Q: 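Quick one: structure below, then a few questions.
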Amino acid sequence: MSEPGPALFADPPTEPGQFAEIVFDRPLDQVYTYSIPASLAGVVPGVRVNVPFGKGDKLTAGYVVNVHGVPPSRAVKAVVQVLDAAPLVTSPLLKLTRWLADYYLCGWGQALQAVLPAGVREKAGTRNVAFVRAVPREELEDVPILTPRQSVVLEHARRIGGWVEVAHLTRAAKCTPAIVTALVGKKVLLREQRRVESGGSSDGPPEEQTPVELNSAQREAWAQIDSAITGGGFHPILLHGVTGSGKTELYLKAIESVLAQGRQAIVLVPEIS
């Protein structure tokens with residue numbers, strides 16, 4: 001069993017070349033060598049790539065851990081696609097995960113997969129994205145009863161027009177995904193899943209956001225929250241309200257106020273939505 005030391009954490013050779021060493025999220029203590037086509041740029045240590053793997057040559061994502069110019073003794077398969085515009089894994093993290101794999105007797109690719117947050121992994125390659133589109137008024141057979149907040153979100157979707165990512169709509173309308181889901185259930189929004197490239201969207205950025213006017217209950221609650229934020233120190237605050245009453249808007253407003261002061265905010269969301 002290896003112990004961390006100078007040899008383990010020494011920089012691996014990364015001179016430019018035509019071959020990449022790749023590991024997979026599998027219980028395999030082995031590094032696989034693939035050739036890099038001349039037309040394929042961006043194959044550097046730390047990125048993910050799609051390569052044919054196994055007897056069936058199934059297209060599989062793997063992590064590039066080294067790039068070199070030493071030809072292997074036998075013919076090798078070629079890298080098919082680079083999934084990341086920039087490395088997901090830095091050189092120190094490659095060294096650390098190599099040590100983790102040795103110490104805990106797991107595959108190097110498994111260690112890499114474990115240390116990357118899910119949000120980082122989802123940004124690599126392609127991802128499933130939920131889109132919604134407002135049903136035109138003339139196509140609605142029956143107009144359902146909507147809450148005031150649902151009506152506001154629906155109008156945002158109508159103004160944006162066409163298909164829009166759910167994440168874009170929730171930011172533009174400053175609402176939770178639960179409200180969008182409720183509108184889909186009432187059949188005033190259509191929803192579909194699409195597979196898009198990382199960072200890709202068919203709709204571009206959402207419309208410019210306009211300040212939301214608080215209602216009387218929100219203004220009363222905000223006065224106490226704002227006083228606690230500007231006053232400094234620790235102040236626990238319990239914000240009570242039914243679903244759709246506008247609590248999220250106060251959370252966002254509090255975060256904006258804290259960030260404007262050069263401070264930081266942490267949001268913990270225990271709800272399934």
Side-chain angles (χ1 to χ4, degrees), residues 117-120 122-123 127-135 137 143-193 199 201 203-273:
V120 174
E122 289 168 2
K123 291 179 181 177
R127 58 194 175 103
N128 282 317
V129 177
F131 285 79
V132 291
R133 176 175 68 84
V135 177
R137 290 184 177 88
V143 180
I145 298 176
L146 304 179
T147 67
R149 192 73 185 116
Q150 289 173 347
S151 297
V152 169
V153 175
L154 179 59
E155 285 307 308
H156 269 281
R158 292 193 190 283
R159 285 199 296 270
I160 291 173
W163 291 96
V164 61
E165 284 189 32
V166 170
H168 286 172
L169 179 58
T170 55
R171 286 197 297 270
K174 294 189 176 181
C175 70
T176 64
I179 293 181
V180 176
T181 300
L183 291 171
V184 172
K186 293 184 176 182
K187 299 182 179 180
V188 293
L189 287 183
L190 300 177
R191 180 188 180 113
E192 70 175 35
Q193 291 285 126
S201 170
D203 300 277
E207 64 178 8
E208 184 176 350
Q209 298 179 14
T210 56
V212 176
E213 184 176 348
L214 301 181
N215 59 36
S216 59
Q218 287 174 317
R219 288 196 297 270
E220 182 180 350
W222 174 247
Q224 300 181 50
I225 297 171
D226 186 45
S227 176
I229 292 175
T230 56
F234 175 72
H235 301 279
I237 298 173
L238 175 62
L239 188 59
H240 176 70
V242 299
T243 300
S245 60
K247 301 185 298 296
T248 299
E249 179 57 37
L250 293 178
Y251 301 151
L252 296 173
K253 193 171 179 63
I255 293 169
E256 287 178 345
S257 178
V258 169
L259 296 179
Q261 299 175 30
R263 297 154 64 189
Q264 295 181 333
I266 297 177
V267 184
L268 304 180
V269 185
E271 301 178 54
I272 294 175
S273 63

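Being a predicted model, the structure only gives us computed values, none of them experimental.
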Q: If you round to the nearest 0.5 Å, how far is CD of Glu220 from CD1 of Ile225?
A: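 Ile225 CD1 to Glu220 CD: 11.0 Å, rounded to 0.5 Å.
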Q: Above 12 or not: heavy atoms from other molecules or residues under 6.0 Å from CD of Glu192?
A: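 Above 12, so yes.
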Q: Check step by step if side-chain contact (heavy atoms from CB on, under 4.5 Å) holds for Leu250 and Leu214.
A: CA-CA 9 Å; Leu250 293 178; Leu214 301 181; 4.3 Å; yes
Q: Look only at the side chain of Lys247 and the backbone of Gly241, and say whether a donor-acceptor pair between them is shorter than 3.5 Å.
A: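 Yes, Lys247 side chain to Gly241 backbone: donor-acceptor pair under 3.5 Å.
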Q: If you measure from CG on Leu169 to CG on Leu183, what distance do you get to the nearest 0.5 Å?
A: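 If I round to the nearest 0.5 Å, the distance is 8.5 Å.
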Q: Working to the nearest 0.5 angstrom, can you tell me the gap between Lys186 NZ and Thr147 OG1?
A: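 Between Lys186 NZ and Thr147 OG1, I get 6.0 Å after rounding to 0.5 Å.
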Q: Using a strict 4.0 Å threshold on nitrogen-to-oxygen distance, state whether Glu155 and Arg137 make a salt bridge.
A: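 Counted as a salt bridge, because a side-chain N and a carboxylate O are separated by less than 4.0 Å.
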Q: If you look at every heavy atom in Leu189 and Ala134, which pair is closest and at what distance?
A: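 Taking every non-hydrogen atom into account, CD2-CA, 3.5 Å.
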Q: Identify the two heavy atoms, one from Lys187 and one from Val135, that lie closest to each other, and give their separation to 0.1 Å.
A: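 Looking at all heavy atoms of both residues, the closest pair is O-CG2, 3.8 Å.
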Q: Using the side-chain contact (heavy atoms from CB on, under 4.5 Å) rule, take Gln261 and Ile229 through it: C-alpha gap first, then chi angles, then the decisive distance, then the call.
A: CA-CA 10 Å; Gln261 299 175 30; Ile229 292 175; 3.3 Å; yes
Q: Under a 3.5 Å distance rule, please check whether Thr170 uses its side chain to pair with a backbone N or O of Val166 as donor and acceptor.
A: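 Here the side-chain-to-backbone pair exists.
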Q: Going from CZ on Arg158 to CZ on Arg133, what distance comes out if it is rounded to the nearest 0.5 angstrom?
A: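 Answer rounded to 0.5 Å: 10.5 Å.
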Q: Does either side chain, that of Lys253 or that of Gln218, offer a donor lying less than 3.5 Å from an acceptor on the other one?
A: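 No, because no side-chain N or O of Lys253 sits under 3.5 Å from a partner of the opposite role on Gln218.
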Q: With rounding to the nearest 0.5 Å, note down the distance linking OG1 in Thr176 to CZ in Arg149.
A: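 Nearest 0.5 Å value for the OG1-CZ distance: 8.5 Å.
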Q: With respect to Val132, which candidate in Leu190, Val153, Val184 satisfies the side chain to side chain contact (heavy atoms under 4.5 Å, CB included) definition?
A: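 The option that passes is Val184.
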Q: As an exercise, state the distance from CG of Leu239 to CH2 of Trp222, rounded to the nearest 0.5 Å.
A: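 Taking CG in Leu239 and CH2 in Trp222, the distance rounds to 11.0 Å.
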